[in-house]
**Student:** 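Below are the structure tokens for one structure; questions will follow.
Each chain gets a letter, A, B and so on, in the order the sequences are listed, and its residues count up from 1.
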Amino acid sequence: MSLAAYALVDCNNFYCSCERVFRPDLVGKPIIVLSNNDGCIISRSNEAKALGVQMAAPYFKQKRFLERNNVTVFSSNYPLYGDLSERVMNVLRTFCPDMEIYSIDEAFLRLDGFSAYNLTEYAQRIRNTVFRWTGIPVSIGIAPTKTLAKIASHICKKAPESSGVFNMNDFWHSPENIDALLEKVPVQDIWGIGRRSAAKLANYGITTARQLRDRDNAWLQKKLTVTGLYTGLELRGISSIALEEAPPVRRSIRSSRSFGEPVTEKKDAQEAAVAYTVRAAEKLRREGLLASTISVFIKTNAHRPGDQHAEYCAHTLDSPTDYTPLLVHHASEMLLRIFRAGHKYQKVGVLLSGLESKRNQQGSLMDITSPETQEQAQTEARLMQVTDAINKKFGRGTVQYAGEGLRQPWKMKQNNLSPKYTTDWKELCEVE
DNA sequence: TCTGGGGTCCTAGGACCC
DNA sequence: TCTGGGGTCCTAGGACCC
């Protein structure tokens, strides 16, 4: 039987690469992309990495250094990244229909059926095509399991001579090569092993992927739960984490942001809670879902130990809904309940959970409710449809809820935003 | 002055039931 | 009144991911 073959296609420094597609003048130069609120650094070009710029470093601490070194800085522009991601995924699908979109910049492909091809060459073709059609450079790791494919893609990024593809299957049948390779992988670089588990494993003298692989199943399960057991099996080449081709059913929708400035006024925190509820409810309807529970949380800045307050409040509705005014009403009320004057708040968030499909619900609703209730439900649904349609056509916030406020002093910072080149007619790229 | 946002899964423990 | 096993469901907290 031939070896299973999973490929992980991973976009290189994805957000930076997206910015460069529209700014070719920045190719070969150091650039970075910041998190929301211009808080910390979440993507670095190779040139920025070479300067020693650290991932997740707070921007304000690096600002001087970045200026001195002529690093170009971008606020994150998610509509742009989402659009380019979709284009990359569409190209990949033409090469392999057995595909799992794992994140905005990664996809797993199941390449078993392509044994007639030389897989390394096939991956090379995928890589070249993605770059030609979208401008995004990718790395591809191939191995008998998803966990090993992740490792293969890391290896490939670190080794320039791999020319963007690393195929572990090519020498799977020489165990000493695989041993040598896994020996060089630190345990915390393995998919599914985070900081806490790595620290725990270090206490048992386990610091490399090879050492983890060689522990027995019972030990792995005892120390790291079943997820750790699966990781161990996958490191041995036994596929235990399946390809998920259909996106999993969503369980929750969250909307939360750090404030641009610390918030001390109840009214401002309440506006933010309302605004986030409006956004979460839009997403709910876009995906044809209803929520049965809404929660609101508020917190102060964890980096300011002198002023700490964090609280959370949940409300379960009589029946699941996607009606914004009702959700806004509950969110607003809960916020007032958890807000305490005298604190400098950093963040408010809204979580919708207990989600179910609207389609399943409608039938049963019709059976048991009165004509008046049905009519009201239809009026509400139409109102939501109309506001969604207007906001889609003319831009978010064209129709706004009064509770969201107008001045919005709590709004996040985005001082280095690039234009919406691909998703907004007003900001299309101009060609001269 | 300034430190992201949005998700999932697993386990333990409590409440409740037969 | 006391005793017991076994099952389900829910929630909070921890850990992980990109």
**Student:** Quick check, are the ring centers of A:Tyr204 and A:Trp219 under 6.0 angstrom apart?
**Tutor:** yes
**Student:** Please work out if A:Lys63 contacts a base, only the sugar-phosphate, or nothing of the nucleic acid, heavy-atom cut-off 4.0 Å.
**Tutor:** nothing
**Student:** Indicate, with a heavy-atom threshold strictly under 4.0 Å, whether A:Lys200 touches base, sugar-phosphate, or nothing.
**Tutor:** nothing
**Student:** Does the ring centre of A:Phe108 sit less than 6.0 Å away from the ring centre of A:Tyr6?
**Tutor:** no
**Student:** Starting at the 5' end of DNA chain C, write a dot or bracket for each base, bracketing those in Watson-Crick or G-U wobble pairs whose two distances are under 3.5 Å and using | for partners on another strand.
**Tutor:** ....||||||||||||||
**Student:** Could you check whether A:Tyr59 gets within reach of a base, just the sugar-phosphate, or nothing at all, counting any heavy atom under 4.0 Å?
**Tutor:** nothing
**Student:** Should A:Ser256 be listed as having a side-chain N or O under 4.0 Å from OP1 or OP2 of B:dG6?
**Tutor:** yes
**Student:** Please give the distance between the C1' atoms of C:dG4 and B:dC17 as a whole number of Å.
**Tutor:** 14 Å
**Student:** Please confirm whether the ring centroid of A:Trp191 lies under 6.0 Å from the ring centroid of A:Tyr230.
**Tutor:** no
**Student:** Look at A:Arg250 and B:dG7 and indicate whether a side-chain polar atom (N or O) is within less than 4.0 Å of OP1 or OP2.
**Tutor:** yes
**Student:** Could you give the CD1-to-C1' distance, from A:Ile193 to C:dG14, as a whole number of Å?
**Tutor:** 15 Å
**Student:** Are OP1 or OP2 of B:dG5 and a side-chain N or O of A:Ser258 less than 4.0 angstrom apart?
**Tutor:** yes
**Student:** How would you label the contact of A:Asn301 with the nucleic acid (heavy atoms, under 4.0 Å): base, sugar-phosphate, or nothing?
**Tutor:** sugar-phosphate
**Student:** What is the nucleic acid contact for A:Leu34, judged by heavy atoms within less than 4.0 Å: base, sugar-phosphate only, or nothing?
**Tutor:** nothing
**Student:** Using the side-chain heavy atoms of A:Thr225, tell me which of these nucleotides is nearest: B:dC10, C:dC18, B:dT3.
**Tutor:** B:dC10
**Student:** Nearest heavy atom decides the nucleotide; on that basis, is A:Ile253 or A:Ala57 closer to the 5' end of DNA chain B?
**Tutor:** A:Ala57
**Student:** What is the separation between atom OH on A:Tyr78 and atom C1' on C:dC18, rounded to the nearest whole Å?
**Tutor:** 10 Å
**Student:** Between A:Lys63 and A:Asp38, does any NZ, NE, NH1 or NH2 come within less than 4.0 Å of an OD or OE carboxylate oxygen?
**Tutor:** no
**Student:** Taking the nucleotide of DNA chain B with the closest heavy atom to each, which residue, A:Val249 or A:Cys40, is nearer the 5' end?
**Tutor:** A:Cys40
**Student:** Is A:Lys157 paired with A:Asp10 through a side-chain N to carboxylate O contact shorter than 4.0 Å?
**Tutor:** yes
**Student:** Which of the following nucleotides, C:dC16, B:dC2, C:dC17, is nearest to the side chain of A:Phe60?
**Tutor:** B:dC2
**Student:** Rounded to the Å, how far apart are A:Phe297 CZ and B:dG5 C1'?
**Tutor:** 9 Å
**Student:** Would you mind telling me which of B:dT11, B:dG4, B:dG7 lies closest to the side-chain atoms of A:Asn36?
**Tutor:** B:dG4
**Student:** Measuring from A:Leu212:CG to A:Thr208:OG1, what's the distance to the nearest 0.5 Å?
**Tutor:** 8.0 Å
**Student:** Looking for any heavy atom pair under 4.0 Å, which part of the strands does A:Ile190 touch: base, sugar-phosphate only, or nothing?
**Tutor:** sugar-phosphate
**Student:** Can you tell me if the side-chain N/O atoms of A:Arg304 get under 4.0 Å from OP1 or OP2 in B:dC2?
**Tutor:** yes
**Student:** Just N and O in the side chain of A:Ser103: are any of them under 4.0 Å from OP1 or OP2 of C:dC17?
**Tutor:** no
**Student:** For A:Tyr15 and A:Tyr81, take the angle between the two ring planes, folded into 0 to 90°, and tell me which bin it lands in: parallel under 30, tilted 30 to 60, perpendicular over 60.
**Tutor:** parallel
**Student:** Quick one: is A:Ser76 getting a side-chain N or O under 4.0 Å of the B:dG4 phosphate, OP1 or OP2?
**Tutor:** no
**Student:** Select base, sugar-phosphate, or nothing to describe what A:Gln346 touches, counting heavy atoms under 4.0 Å on all strands.
**Tutor:** sugar-phosphate
**Student:** Can you check the A:Gln414 CD to B:dG5 P distance for me, whole Å?
**Tutor:** 11 Å
**Student:** Could you work out which one of B:dT3, B:dG7, C:dC18 sits closest to the side chain of A:His303?
**Tutor:** B:dT3
**Student:** Any salt bridge between A:Glu271 and A:Lys267, counting N to O under 4.0 Å?
**Tutor:** yes
**Student:** At under 4.0 Å, does any side-chain N or O of A:Arg257 touch on OP1 or OP2 of B:dG6?
**Tutor:** yes
**Student:** Could you tell me how far apart A:Tyr345 (OH) and B:dT1 (P) are, to the nearest whole angstrom?
**Tutor:** 22 Å
**Student:** Is a salt bridge present between A:Asp307 and A:Lys344, judged by a nitrogen-to-oxygen distance below 4.0 Å?
**Tutor:** no
**Student:** Provide, to the nearest angstrom, the distance between the CG atom belonging to A:Asp307 and the P atom belonging to B:dT3.
**Tutor:** 13 Å
**Student:** Whole angstrom is fine here: how far is it from CZ in A:Arg254 over to P in B:dG4?
**Tutor:** 14 Å
**Student:** Please report the distance, rounded to the nearest Å, between NZ in A:Lys283 and P in B:dG5.
**Tutor:** 14 Å
**Student:** Quick check on B:dC9: is either OP1 or OP2 less than 4.0 Å from any side-chain nitrogen or oxygen of A:Arg251?
**Tutor:** yes
**Student:** Is a salt bridge present between A:Glu100 and A:Lys146, judged by a nitrogen-to-oxygen distance below 4.0 Å?
**Tutor:** yes
**Student:** Among B:dC10, C:dA15, B:dG4, which is the nearest nucleotide to the side chain of A:Arg196?
**Tutor:** C:dA15
**Student:** B:dG6, OP1 or OP2 - any side-chain N/O from A:Lys347 closer than 4.0 Å?
**Tutor:** no
